[in-house]
Amino acid sequence: MSSASQPHPALSRRLKVATIGGDGIGPEVIDATIPVLVEAAALDGVSVEITELDWGGELLLRTGRAMPIDGPNQLRAFDAVLFGAVGRPDVVDHELIWGLIIGLRQALGLSLNLRPSSSWPGVPSPLLDGTGIDLLIVRENSEGEYAGIGGRTHVNSKREIAIEVAVHTRETIERIARFSFERARSRRGRLSLVTKSNVMRYGYTLWDEVVADVAREYGDVDYEVVLADAMAARLVERPTSLDVMLCGNLFGDVLSDLACSLTGGLGLAPSANVTYDRSAPGVYEPVHGSAPTIAGLGTANPCACLLSAAMLLEDNGMPRGAVAIQCAVSATLSNASGRTPDLGGDARTTDVATAVIKELSNSR
Ligand code: NAD
Ligand code: IPM
Ligand code: MN
């Protein structure tokens, strides 16, 4: 653990942020984001104290654990966490992932996962017309197919069985439904529930019923239910018809990669893992993973992490800093010189960070 920056004496409030670079490109995008976060928070009169944690694959190889046993509790001492990515080819993927990011989501009760995707001026989309997309995936983040219940038996024999149990609870569905309707109300007033209740007769029928009940309290919100496979097609064919998409855990994961691909890809997709009542610090992270094939090249797009930092500031009462990061990223992306190779440019991670800092200083 190392404390990277000292509180700024001239700024009145202090924000304690833990950063977890993790694996692959994670540390690269976190390094690019820290100075931007510090600079942007100052616009709201807030000084950021950063504590860098070395959790991830390397720690697991060294100690047998990707984070300390009391890792989630250690994080409770912070206002927020900025997370890079986890996963490396020489470690069994699910061990590392359950040992860190899923472990944190579960232990801290981060049952809400917010994943916005919107078109950026000048950023190419694979769609013929990729303009005007502005949607928010609200993903249930603690249950469903990610509950972690199951097992394997008769391993390596012909009778081998694997069971993976999905868990869906009325209380969780009702809470996330209410949150999603409120969000839809504050946006363009449309909510699409994604399920697969034509096949899954227990879990997703419960979603359909509970969300329909909540919908009755929100007559002003235009509500629809779309099956997950149809939603994949709808995202490609008519993405501007979508506003808030409420998804269970697995569909939210899959559809968020699809949604962000329409607006510039994983390098631009931020996310927030949060509680409803701020009973634990939020973990803000890019949607992307550790991208091992480009790790160490210095070409990773830091924008997803920068925009995750903007979500962190917004949630922690720093709206000026949040908007300033979004505007600075947008201005940077609008120049070809501010685009990394995933966007067809040849900028390096540090070029983008430098350009964003320069844009930020114009906000002062
Ligand atoms: P990935 O998101 O790491 O990469 C998918 C593709 O997108 C690759 O071509 C990669 O080069 C590209 N890409 C991703 N982020 C980019 C960026 N910022 N700039 C430029 N290009 C970028 O997904 P994957 O390859 O399926 O997974 C790699 C590892 O990451 C696996 O171990 C996986 O389990 C893990 N993973 C972790 C997280 C997380 O930490 N939250 C998320 C997804 C995947
Ligand atoms: C994501 C990732 C994670 C998920 C993995 C790494 C656990 O794909 O954040 O989208 O499936 O939630
Ligand atoms: Mn994912």
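Remember, it's 1-based here, ligands and their atoms both numbered in the order they're listed. In this text, all values refer to a predicted model and were calculated from it rather than measured experimentally.
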Are the charged groups of [X] and [Y] less than 4.0 angstrom apart, N to O?
X	Y	value
E28	R348	no
E217	R178	yes
R188	D134	yes
D243	R187	yes
R62	D54	yes
E224	R234	yes

Checklist entry - Checking K16 against F78: charged group under 6.0 Å from the ring centre and within 45 degrees of the axis? => result yes
Item to check | Within 45° cone of Y146 ring axis and under 6.0 Å: R139 NZ or CZ | outcome: yes
Next on the checklist: At less than 4.0 angstrom from any non-hydrogen atom of Y146, what atoms of ligand 2 do you find?
Outcome noted: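 Near Y146, the atoms of ligand 2 are 4 (C), 11 (O), 12 (O).
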Checklist entry - Which of the atoms of ligand 2 are close to I102, meaning less than 4.0 Å from one of its heavy atoms? => result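 It comes down to these atoms of ligand 2: 7 (C).
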Next on the checklist: the Mn ion (ligand 3) and D257: any N/O/S contact shorter than 2.8 Å?
Outcome noted: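 Here the distance criterion (N, O or S atom, under 2.8 Å) is not met by D257, so no.
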For [atom], closest protein heavy-atom neighbour:
atom	result
atom 8 (O) of ligand 2	D253 OD1, 3.2 Å
atom 1 (C) of ligand 2	R115 NH2, 3.2 Å
atom 7 (C) of ligand 2	I97 CG2, 3.5 Å

Checklist entry - For ligand 2, which part of R105 has a heavy atom less than 4.0 Å away: the side chain, the backbone, both, or neither? => result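 Looking at R105 and ligand 2, just side chain atoms fall under 4.0 Å.
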Checklist entry - For ligand 2, is any non-hydrogen atom under 4.0 Å from R139's backbone (N, CA, C, O), its side chain (CB onward), both, or neither? => result side chain
Checklist entry - Do the rings of F181 and Y223 sit parallel, tilted or perpendicular, given the 30° and 60° boundaries? => result tilted
Checklist entry - In this structure, which one of V254, D229, L255, L227 forms a side-chain contact (heavy atoms from CB on, under 4.5 Å) with V194? => result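 For V194, the side-chain contact (heavy atoms from CB on, under 4.5 Å) check succeeds only for L255.
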Checklist entry - Around ligand 1, what residues show up once you keep those with a heavy atom under 4.0 Å from it? => result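 Only I25, F83, A85, V86, G87, D93, I97, L266, G267, E285, V287, H288, G289, S290, A291, P292, I294, A300, N301, D342 have heavy atoms that fall under 4.0 Å of ligand 1, ordered by chain and number.
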Item to check | Atom nearest to the Mn ion (ligand 3) - D253, N, O or S atoms considered | outcome: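 When I compare the N, O and S atoms of D253, OD1 is nearest to the Mn ion (ligand 3).
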Next on the checklist: Evaluate D257 for polar contact with ligand 2, using N/O atom pairs at a separation under 3.5 Å.
Outcome noted: no
Checklist entry - Strictly under 4.0 Å, does any heavy atom of H94 approach an atom of ligand 2? => result no
Next on the checklist: Tell me whether V356 shares a hydrophobic cluster with V29, the cluster being built from Ile, Leu, Val, Met, Phe, Trp, Tyr side chains joined at under 4.5 Å.
Outcome noted: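 Cluster IDs for V356 and V29 differ.
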